[in-house]
Amino acid sequence: MNANRAGIGVGIVGLGGMGHLHARSITDLGATVVAGADLVEEQRQRFADEFGATAYETHEGLVADDDVDAVIVTTPNRFHEPITVDALEAGCDVLVEKPLAHSLESAERIVQTAASADGICMVGFHNRHAASMAMFDEHHARGRFGTLTHVEANYVRRRGVPGPGSWFTDPELAGGGALLDIGVHALDLALYALDFPEITEVSGTTRTTFGRDEGYADPDGFGDNWDAEAETYEVDDSVSAFIRTADGQTISLEAAWATNREESMDFRIRGTEGGAQFDIGDTNLEILETGTAGCDHYADVTLTGDSSLTGYTAQDEQFLEAVATGDTPETNTVEEALTVQRVIDAIYRSGETGQAVQLEQANVSEAQLEQATQLD
């Protein structure tokens, strides 16, 4: 146990499955879950019983609790902003789950608050910390892949719509559908692999195909109590997008809750000297190279990572270390998350107009953030 973590009191806002996952991870890493907040009484009681934590109905009581040093936000997307802003203004450090917000404007307000806050703010893109990506990072740093040129990013389910009537399919609560729910993971990982390059053009198509289908087949029962007629469904269930950067690098993105093809979390990175492929969040990494020693040949190598290490654990560990030291995190920053949100917003705008969207500068500089904060 890291001694610095033992004195950190963590509060969780949103006590569903994701909130419990973080709470167990935080506990295993040596910090203490001291509080939880949720509107649902049953969820509060279950959380209090499991972790011995004080339970609050709303986040206001939690962030005012003197025992809470850090807050993890796992609520529906629309509530990320008020909770994160209140926690930062109360002097807490914050880890907010992806996406940063339900809209670009909301995400921008979070970043403005974080720029002037004393505490740190990280965003929950845990797949960056999976063994496959960690191994890729190291080999890329050693120059094994040369210059990266293109990323193929897939997060596709054959059938996996959360179900009409859930907050995932409510545009007021989620802000979008498959793109904001699962596509955001693939997009963030692609931008991260390319070191968040300057984005110049975004083109995308969004589709709402299956959610309104009364005859939708759901063999695995992913969406409980399916009733296409009774519930509202106004979000995308699949998205195709293409992204260009100022340096000529490109990203192709496929994200879907449901589509008539095999499911895939396949992630492929091309470089001038070699390539890499893996399933998003997986343990293994395959490296694809060629050579001329003896004769022209292919060289395919599979690296097998430590299966006991998970992206969630590594991410929460980095968050706790940042809380303990007070150092600004080097990864999962709000600035990176805002870039992801800007590209998502551009994909949706492109889908609405049927035309590519030009982004002269997708990354937000410190000077811009400071100016925005001063004007606020």
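Under 3.5 Å, the side chains of Y192 and D137 contain a donor-acceptor pair of N or O atoms. Side chain to side chain, D38 and Y56 fail the donor-acceptor criterion of an N or O pair below 3.5 Å.
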Between Y348 and D236, is the side chain to side chain donor-acceptor pair (under 3.5 Å) condition met? List the steps.
CA-CA 9 Å; Y348 280 134; D236 52 286; 2.7 Å; yes

How far apart are the C-alpha atoms of T353 and Q355, what are their side-chain angles, what is the distance that settles it, and do they pass the side chain to side chain donor-acceptor pair (under 3.5 Å) test?
CA-CA 5 Å; T353 64; Q355 306 208 355; 5.8 Å; no

Hey, mind stepping through E97 and H22 against side chain to side chain donor-acceptor pair (under 3.5 Å) and telling me if it holds?
CA-CA 10 Å; E97 266 297 340; H22 279 289; 2.7 Å; yes

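Aromatic pair F51/H20: ring centres closer than 6.0 Å.
Using a 4.0 Å cut-off between a side-chain N of Lys or Arg and a carboxylate O of Asp or Glu, R159 and E263 do not qualify as a salt bridge. Look at R128 and E336 and you find a salt bridge, because one of the NZ, NE, NH1 or NH2 atoms lies within 4.0 Å of a carboxylate O, short of that distance. E42 and R46 are not joined by a salt bridge, as no carboxylate oxygen comes within less than 4.0 angstrom of a charged side-chain nitrogen. A salt bridge links D181 to K98: one of the charged nitrogens lies within less than 4.0 Å of a carboxylate oxygen. For E108 and R342, the salt-bridge test fails: no basic side-chain N is under 4.0 Å from an acidic carboxylate O.
The aromatic rings of F145 and F136 sit parallel to each other, their planes meeting at less than 30°, with 60° as the upper class boundary. Between Y312 and H126, the ring planes are parallel. Angles under 30° get that label, and only those over 60° would be called perpendicular.
The distance from the CZ atom of R268 to the OG atom of S252 is 10.5 Å, given to the nearest 0.5 Å. Note that CG of L179 is 7.0 Å distant from CG of L187, once rounded to the nearest 0.5 Å. Separating the OG1 atom in T304 from the CG atom in L285 is a distance of 9.5 Å, to the nearest 0.5 Å. With values rounded to the nearest 0.5 angstrom, L194 atom CG is found 9.5 Å from H150 atom NE2.
In this structure, the side chain of H185 does not engage the main chain of G183 through any donor-acceptor pair within 3.5 Å. The backbone N or O of G204 sits less than 3.5 Å from a side-chain atom of S350, completing a donor-acceptor pair. In this structure, the side chain of D306 engages the main chain of S308 through a donor-acceptor pair within 3.5 Å. The closest donor-acceptor contact from the side chain of T84 to the backbone of E81 lies at 3.5 Å or more, if one exists at all. At distances below 3.5 Å, not a single donor-acceptor pair connects side-chain atoms of S106 with backbone N or O atoms of S103. Although no hydrogens or angles enter the test, the distance criterion places a donor-acceptor pair under 3.5 Å between the side chain of D237 and the main chain of T209.
Checking each of D86, V73, I83 against V94 for a side chain to side chain contact (heavy atoms under 4.5 Å, CB included) leaves exactly one that passes, namely V73. Residue V343 forms a side chain to side chain contact (heavy atoms under 4.5 Å, CB included) with just one option from V184, I199, L104, and that option is I199.
Within a 6.0 Å sphere centred on CG of D66, other residues, nucleotides and ligands contribute 12 heavy atoms or fewer. Heavy atoms from other residues, nucleotides or ligands lying under 6.0 Å from CZ of R144 number more than 12. For CZ of R349, the number of neighbouring non-hydrogen atoms (other residues, nucleotides, ligands) closer than 6.0 Å is greater than 12. In D118, the CG atom is not crowded: 12 or fewer heavy atoms of neighbouring residues, nucleotides or ligands sit closer than 6.0 Å.
V34 pairs by the side-chain contact (heavy atoms from CB on, under 4.5 Å) definition with T32, D67, V68, not counting sequence neighbours. R207 is linked by a salt bridge (Lys or Arg N to Asp or Glu O under 4.0 Å) to nothing, counting only residues two or more places apart in sequence or in another chain. By the side-chain contact (heavy atoms from CB on, under 4.5 Å) test, T313 is found to be paired with S25, L29, T310, residues two or more places apart in sequence or in another chain being considered.
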